[in-house]
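This report concerns only the one structure given below.
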Amino acid sequence: MQIPVEKKREMLWTMILSRAFSDTLSELCKTQGRVPGMMILSTGQEAVGSGVCAALLPEDVIVTNHRSHSHLLAKGADPRALMAEIYCKSTGCNKGKSGTLHLAVPEVNAPCTSTVVGAGLPLAVGQAFAQQYREERRVTVCFFGDGAADEGSFHEALNLASLWRLPVIFVCENNLYAGAQRYEEHTRTRHVADRAEGYAIPGEVVDGNDVLAVYASLTKSRQRALAGEGPTLLECKTYRCHGHSESDPQHYQPEEEIRSWRGKCPIPRLSDNLLAEGRITRDEIREMQAKAEAMVRDAVSFAEASPYPLAEEALEDVWAD
Amino acid sequence: MQIPVEKKREMLWTMILSRAFSDTLSELCKTQGRVPGMMILSTGQEAVGSGVCAALLPEDVIVTNHRSHSHLLAKGADPRALMAEIYCKSTGCNKGKSGTLHLAVPEVNAPCTSTVVGAGLPLAVGQAFAQQYREERRVTVCFFGDGAADEGSFHEALNLASLWRLPVIFVCENNLYAGAQRYEEHTRTRHVADRAEGYAIPGEVVDGNDVLAVYASLTKSRQRALAGEGPTLLECKTYRCHGHSESDPQHYQPEEEIRSWRGKCPIPRLSDNLLAEGRITRDEIREMQAKAEAMVRDAVSFAEASPYPLAEEALEDVWAD
Amino acid sequence: MQQLGMGQAVNQALREEMRRNSEVFIAGEGVGVGIHVNPMFPTTGLLEEFGSKRVRDTPVSEAAIAGLAVGAAEAGLRPVVEIMFNPFITLASDMIVNHAAKLRYLSGGKSSFPLVIRVKTGAGFGAGCQHSHNLEAWLAHCPGLKVVMPATPADAKGLLKSAIRDDNPVIFIEDMMLYFAPGPVPEEEYLTPIGKADVKRPGGDVSLVTWGNMLGVAFKAAERLAQEGVEVEVVDLRSLVPLDTETILESVRKTGRLVVLHEATRTGGFAGEVSAVVMEHAFGELKAPLRRVTGPDIPVPASPTLERFYIPDEEQVVTAVREIL
Amino acid sequence: MQQLGMGQAVNQALREEMRRNSEVFIAGEGVGVGIHVNPMFPTTGLLEEFGSKRVRDTPVSEAAIAGLAVGAAEAGLRPVVEIMFNPFITLASDMIVNHAAKLRYLSGGKSSFPLVIRVKTGAGFGAGCQHSHNLEAWLAHCPGLKVVMPATPADAKGLLKSAIRDDNPVIFIEDMMLYFAPGPVPEEEYLTPIGKADVKRPGGDVSLVTWGNMLGVAFKAAERLAQEGVEVEVVDLRSLVPLDTETILESVRKTGRLVVLHEATRTGGFAGEVSAVVMEHAFGELKAPLRRVTGPDIPVPASPTLERFYIPDEEQVVTAVREIL
Ligand SMILES: Cc1ncc(C[n+]2csc(CCOP(=O)(O)OP(=O)(O)O)c2C)c(N)n1
Ligand SMILES: Cc1ncc(C[n+]2csc(CCOP(=O)(O)OP(=O)(O)O)c2C)c(N)n1
Ligand SMILES: [Mg+2]
Ligand SMILES: [Mg+2]
């Protein structure tokens with residue numbers, strides 16, 4: 001598949017931005033109490049969100065989960081609004097109601113985020129149903145983990161989406177762990193994508209650290225969806241380089257495994273490719289990095305300078321009137 | 001597979017008994033109010049319960065569902081106690097607490113019956129877990145419908161049973177309908193058994209109106225289970241000759257379809273086979289039939305003569321002390 | 001005035017709202033083609049009128065049905081989905097409780113979830129506890145959900161129309177027994193407000209607060225007591241959330257006496273909420289202890305004798321009222 | 001006496017019961033190898049002592065976890081399974097509500113289901129409403145389930161041991177905030193009876209009924225009020241089902257005043273049940289209206305300022321008490 005160089009540069013940018021974002025958060029977490037709540041990052045997994053979202057149009061919808069930052073940044077969410085929400089400030093995209101775990105950004109069509117493992121899939125079915133019902137040329141992507149593929153909701157959602165040929169792409173980010181459990185400890189299924197056949201839909205395994213491969217697969221399944229051919233189950237093989245959350249010491253992840261996967265980092269992989277093709281210079285990459293770091297620094301300053309919501313604001317936003 | 005003639009005769013008997021049981025109930029339902037509640041029968045599907053249970057030992061466990069009568073009779077439940085429970089009498093196997101829908105008969109190792117579609121599968125996982133934990137040479141069979149295979153519980157149960165290699169056999173009685181929905185209207189999966197691969201377990205499709213085929217498959221999967229090789233998903237293709245319940249006019253089932261499946265009735269199929277092999281005489285079959293009818297008549301008399309439970313008995317049996 | 005069963009009233013409400021707004025669709029198990037062909041049932045004939053695009057039969061997948069509603073509602077449709085029987089709402093409860101009710105709050109008020117979940121409830125049809133289990137108190141204990149439980153066909157129609165137009169998730173609970181009890185329903189268009197209780201029978205001696213199918217039992221008890229000269233005021237809550245505390249308090253301030261009647265089991269039932277509200281705000285006006293008339297703390301048994309024992313009857317209400325006079 | 005957090009107390013109870021009876025096993029997400037290596041957590045070290053046969057890490061499959069417990073319990077084992085956080089109990093609720101609670105009844109008393117479901121609850125760790133949602137009132141509204149919610153490490157240990165030996169399904173709710181609040185726990189073997197409330201602080205002026213994490217708030221309020229000469233009797237329910245109505249009534253008969261305190265949201269919360277019981281049986285002895293101090297009717301927000309607003313504090317309790325003196 002021929003991928004325009006601008007797309008490739010866009011993907012490099014969103015990966016670099018995501019990485020700067022998560023590296024900064026990881027660093028901030030070393031100071032106890034600076035950022036509230038659990039901190040769940042996708043360091044090393046950025047190619048999935050970046051490759052997927054680069055293949056989408058702004059009007060396409062994503063439904064994401066507890067490990068959402070890189071998906072949302074790739075979909076175009078404002079780093080300031082995200083960071084402020086992660087800090088639980090009133091300027092956050094959800095006014096501090098959500099915090100880091102269920103960031104909802106309807107402005108970029110990322111309206112449904114759930115930290116209930118597996119819950120995103122039925123929600124995505126609903127979103128895709130609305131798209132089909134209105135005969136829109138849009139699709140829905142649902143991001144979920146390998147652990148989520150063991151929840152009953154996965155099954156019900158895939159069956160219904162297949163039955164109704166809904167324009168939804170189920171993107172399983174298989175990072176080899178669900179909490180402290182290795183993939184082989186939570187299922188005997190060789191690949192999550194093997195389950196697709198049980199719903200009579202295409203299942204595909206893709207190298208989730210190869211952003212171009214992710215982009216290509218998603219583009220194809222998006223076309224299928226738009227053509228009325230129904231959902232695809234796309235499994236992106238990747239690796240959770242950090243612990244489940246920043247307070248997880250990763251005691252169960254072999255050091256050698258972590259090291260080897262760090263070596264497969266998707267960012268140098270794409271930048272080397274672009275360099276080799278002469279599509280980018282080292283200076284441009286350094287610029288991107290500097291710009292990303294500046295944006296994240298700015299987001300942090302914004303978040304830190306923002307006020308917490310007033311206590312009574314807790315009572316708002318329950319009801320629509 | 002060589003099946004002992006005694007086994008074959010046993011299966012013929014349990015099918016004939018089940019049929020007499022359900023034909024009688026169907027008849028009784030024509031008089032409004034004689035039998036309380038919904039009446040859900042398995043007329044035409046008897047080969048599944050008979051073939052499965054003939055391949056089991058008494059200590060093996062079955063977990064069944066809303067369409068349980070033929071399973072329970074094949075497992076050896078007392079027709080009197082069943083009929084009285086269906087009549088909701090105090091002499092029923094569950095003292096009138098259950099009625100026809102969740103008949104529990106622990107005496108024959110059929111202790112967990114649920115009318116919540118799909119709920120039997122996780123319960124069966126629990127039963128099989130106990131068998132494995134105690135290192136018993138027993139297996140658990142779970143009966144469920146094609147509709148149940150769309151519930152999330154199906155998925156979670158199969159994955160867990162596969163992961164732990166539990167001695168459980170999931171028997172899907174695919175009778176082509178879930179309520180008023182034809183199979184193709186509730187899933188695109190060609191065969192329910194196609195889902196087995198998604199759990200890395202064997203899936204098998206068997207002619208569910210051929211009791212000998214069911215027996216043979218079950219025997220094989222039981223051996224696998226006992227050998228510690230884990231669960232099997234066995235799909236028995238059969239047909240619901242009556243409506244979902246006796247009050248269902250079957251308006252959505254093509255008449256031609258019903259007629260053609262009635263022609264594939266499992267009872268003459270086995271009896272013709274035994275006759276052809278000279279393993280039974282027509283008189284013996286007639287005797288079996290007469291005996292079955294007498295047993296069912298006796299069960300009905302017993303049930304009708306039995307008292308309803310006293311109102312205050314409603315308060316009993318909630319708590320174990 | 002037309003006489004309709006509650007199922008028919010629901011059917012009219014669905015029909016009118018679907019005609020009015022093309023973003024309303026219905027989904028559930030057997031809502032299009034079902035095993036019954038019965039004009040008393042809520043979705044009969046809708047497939048014929050609106051077609052299979054808007055009347056969606058689903059697989060037996062309660063979590064997916066509810067998730068469909070939540071996702072589609074966020075995207076701007078107005079789903080009305082059915083969970084066949086109340087106990088099966090457990091299977092959809094993550095979607096309802098953790099998503100329908102909370103996602104708006106989690107979005108900081110950016111998204112809304114205009115959906116209705118219709119669910120059939122009630123004892124009395126001999127199917128036992130896995131089909132009959134009143135759980136309105138659960139749903140009422142979940143901020144973000146409105147909970148409606150009509151007692152008459154007219155209220156059912158007007159409340160369902162309001163529910164469909166409401167921008168919040170509404171749980172709409174239909175007692176099956178009421179499908180077969182016809183009552184008057186206005187022919188002209190009307191809406192019944194969610195959150196307004198209705199004094200179905202005025203009286204000055206004792207307040208009898210109830211909802212759903214128990215309204216009939218309340219009436220019977222009130223008639224018997226009237227013959228003894230005791231005037232019972234029957235307050236039909238209609239909505240549990242929002243709760244119309246004003247109407248409850250007004251009644252209790254007048255009568256000084258409170259009996260709460262519901263079919264659900266006693267411990268943790270919604271009668272507790274009603275009594276707490278009264279005890280907080282009208283303690284000084286109370287002249288007598290509370291009485292609750294409810295199902296006993298047991299699963300609903302299948303046998304007719306046992307099931308009758310389970311369901312509260314007017315005898316129990318009459319006794320309760322007499323005890324506090 | 002040893003000082004333990006509630007997680008450690010739970011750990012000791014599990015250890016003792018697993019040593020005592022080989023039919024006890026534990027299962028759940030991360031109960032063996034978890035993401036935390038923290039001696040304050042309930043299942044730390046159990047895998048090492050009892051091995052992977054009896055300490056079972058499961059996939060993320062809450063319905064299967066609960067179903068495993070129900071099926072294995074019927075077969076005679078004594079499962080103790082964990083649902084990681086209270087909101088996820090929705091995913092297991094069909095198995096808990098329609099099966100664990102009802103299958104014995106449906107069997108006519110032939111089968112029993114000796115299982116324990118441990119679930120973590122509570123606001124205060126900034127994870128928001130999909131992790132923090134107190135639902136004890138739901139489970140208490142389901143006949144066939146016992147519901148236990150300890151407030152101290154000592155009670156947690158004694159109650160969990162009783163729960164494991166109980167032949168009924170027991171929901172055992174642990175407030176996470178209590179894992180990090182050490183308290184005295186007897187060294188010698190003991191059982192704490194399920195269904196017995198505990199007067200944690202005697203007093204004659206007002207009865208403050210509470211449970212779980214709110215006990216600490218109750219104590220603080222009681223101490224402040226004591227300085228004003230107001231003696232608060234703090235009644236810790238410990239079990240919601242069976243409910244120890246005797247202890248509640250005895251206290252209220254003495255004080256004539258009732259405040260109920262819980263962290264769960266107000267409408268439909270278990271305070272309603274407590275007030276109904278009191279209003280039914282001790283109305284004549286009451287001198288003042290009821291006060292409820294509870295979480296407001298909102299999902300638990302993530303932001304620290306909002307979450308603090310959500311969680312009831314001693315200030316609110318003091319105010320409530322003063323209002324009814
Ligand atoms: C229903 C539910 N159960 C348990 C949890 C706790 N939990 C949070 S993340 C997680 C692991 C999920 O693994 P996976 O789906 O592979 O996603 P990953 O964290 O690897 O991205 C678990 C068990 C939860 N949030 N929701
Ligand atoms: C969870 C749940 N949803 C819905 C129902 C209502 N219901 C009872 S049987 C049935 C159809 C089940 O079809 P299938 O599993 O194929 O079994 P069959 O009736 O054909 O034997 C339905 C939807 C139920 N009992 N439980
Ligand atoms: Mg993972
Ligand atoms: Mg079927």
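Below, chains carry the letters A, B, ... as their sequence lines are ordered, and counting in each starts from 1.
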Under a 4.5 Å cutoff for heavy-atom pairs, which residue among [options] has the most contacts with chain D?
options: A:Lys97, A:Glu185, A:Glu151; answer: A:Glu151
options: A:Ser114, A:Ser90, A:Gly92; answer: A:Ser114
options: A:Gln181, A:His186, A:His244; answer: A:Gln181

Validation row: [X], [Y] side chains within 4.5 angstrom (heavy atoms):
X: D:Phe309; Y: A:Glu313; result: no
X: A:His251; Y: D:Val33; result: yes
X: A:Pro36; Y: D:Ser303; result: no

What part of [X] is in contact with chain A, defined as an atom under 4.5 angstrom from a non-hydrogen atom: side chain, backbone, both or neither?
X: D:Glu307; answer: neither
X: D:Tyr310; answer: neither
X: D:Ala127; answer: both

Nearest atoms (heavy-atom pairs only) where A:Ala180 meets D:Ile35: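 Minimum heavy-atom contact is N-CG2, 3.5 Å.
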- request: Could you tell me whether A:Glu256 atom CD has more than 12 heavy atoms of other residues or ligands within 6.0 Å of it?
  value: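 Buried by this count: over 12 neighbours within 6.0 Å.
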query: Checking heavy atoms, do the side chain of A:Ser98, its backbone, both or neither come under 4.5 Å from chain D?
result: backbone
